[in-house]
Amino acid sequence: MSGNITLTMIKPDAVRNNHIGGILKMINEAGFRIVAMKYTKLSSEKAGEFYAVHKERPFYGELVEFMSSGPIVAAILEKKNAVEDFRTLIGATNPANAADGTIRKMYATSLGENAVHGSDSDENANLESDFHFSKVERF
Ligand code: CMP
């Protein structure tokens, strides 16, 4: 169902701070359906692979280290206009700029440790969903 899914990760900071429940509640209340979900931990190799698009950026090493520093929750979410609507729900990448009522405004602590990931395009939503989930893990 291209265009109707996005991939999220509840990042290690939000897991450590016990915000899994609060974030999932906001996701459900915003009308997203959970297609797939897992509690897992990325190795530094897998985190590097997931964020390979940022390889040349100065923050890449820090990002990979952080994303492999503890468990995450990965999920595929379904809704009409999922990518754009989820990015509205999570708010700006830097929580200092995130609007009131967004997940990052509520739960993120810094630009690097910003509580949640959301796909930035339909193409990446599909690639990122395939990164975390096989077909038989989707319902
Ligand atoms: P995310 O939406 O998961 O996609 C890439 C991530 O890189 C982003 O969230 C931030 O957590 C992180 N990021 C972006 N810019 C910076 C930065 N300047 N310093 C550290 N981390 C960053």
Side-chain angles (χ1 to χ4, degrees):
M1 222 191 277
S2 182
N4 290 346
I5 62 163
T6 192
L7 184 285
T8 189
M9 294 184 289
I10 301 178
K11 297 186 179 186
D13 58 323
V15 172
R16 273 194 283 274
N17 294 325
N18 291 323
H19 294 319
I20 295 175
I23 291 171
L24 291 179
K25 185 166 187 281
M26 288 179 75
I27 289 172
N28 280 145
E29 286 176 353
F32 291 87
R33 190 182 78 80
I34 294 167
V35 173
M37 177 172 282
K38 67 174 66 159
Y39 188 49
T40 186
K41 186 170 181 292
L42 295 172
S43 63
S44 49
E45 290 73 22
K46 292 299 277 183
E49 197 185 314
F50 186 91
Y51 282 112
V53 65
H54 296 303
K55 210 174 205 147
E56 305 306 326
R57 309 286 283 275
F59 58 83
Y60 179 71
E62 188 187 319
L63 176 61
V64 168
E65 189 182 337
F66 166 61
M67 286 303 295
S68 56
S69 68
I72 61 160
V73 175
I76 300 174
L77 307 175
E78 182 184 69
K79 183 182 187 292
K80 191 163 164 272
N81 205 30
V83 166
E84 198 184 327
D85 285 2
F86 192 66
R87 289 176 75 80
T88 300
L89 177 65
I90 64 180
T93 306
N94 187 341
N97 303 324
D100 284 346
T102 61
I103 291 176
R104 283 172 173 155
K105 179 73 175 187
M106 295 274 295
Y107 296 119
T109 49
S110 68
L111 173 58
E113 304 202 359
N114 62 358
V116 281
H117 168 81
S119 307
D120 64 2
S121 66
D122 289 339
E123 186 187 0
N124 283 336
N126 286 314
L127 291 171
E128 293 172 2
S129 294
D130 291 346
F131 178 93
H132 280 291
F133 298 99
S134 68
K135 298 294 177 210
V136 298
E137 293 175 303
R138 303 174 194 205
F139 305 98

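Atom set for the values below is all heavy atoms of this structure, side chains included, hydrogens, waters and symmetry mates excluded. Note that ligands are numbered from 1 as they come in the structure, with each ligand's atoms numbered from 1 the same way.
Annotation: cation-pi pair Lys11/Phe66 absent, no NZ/CZ under 6.0 Å from the ring centroid and within 45° of its normal.
The residue among Arg104, His54, Glu113 with a heavy atom at the shortest distance from atom 2 (O) of ligand 1 is Arg104. Looking at Tyr60, Tyr51, Phe59 and measuring to atom 14 (C) of ligand 1, the nearest heavy atom belongs to Phe59.
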Fill in: Chi angles and distances behind the salt bridge (charged side-chain N to carboxylate O under 4.0 Å, His left out) call for Glu84, Arg87
CA-CA 5 Å; Glu84 198 184 327; Arg87 289 176 75 80; over 6 Å; no
Practice prompt. Apply the test side-chain hydrogen bond (donor to acceptor under 3.5 Å, both in side chains) to residues Ser69 and Arg16: give CA-CA distance (whole Å), side-chain angles for both, the deciding distance (0.1 Å), then the verdict.
Written response: CA-CA 10 Å; Ser69 68; Arg16 273 194 283 274; 3.2 Å; yes
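Residue contacts with ligand 1: Phe66 is excluded, as none of its non-hydrogen atoms falls under 4.0 Å. Using a 4.0 angstrom heavy-atom cutoff, Lys11 counts as in contact with ligand 1.
The protein heavy-atom contact nearest to atom 6 (C) of ligand 1 is Leu63 CD1, 3.8 Å.
Remark: Lys41 pairs with no residue by the side-chain contact (heavy atoms from CB on, under 4.5 Å) rule, at least two apart or across chains.
Using a 4.0 Å cut-off between heavy atoms, Leu111 contacts ligand 1 through both its backbone and its side chain.
Aromatic ring pairs are classed by plane angle as parallel below 30°, tilted from 30° to 60° and perpendicular above 60°; the pair His54 and Phe59 is tilted. Using a 30° and 60° split on the angle between ring planes, His132 and Phe50 fall in the tilted class, from 30° to 60°.
Of the N or O atoms in Glu62, none lie within a sub-3.5 Å distance of an N or O in ligand 1.
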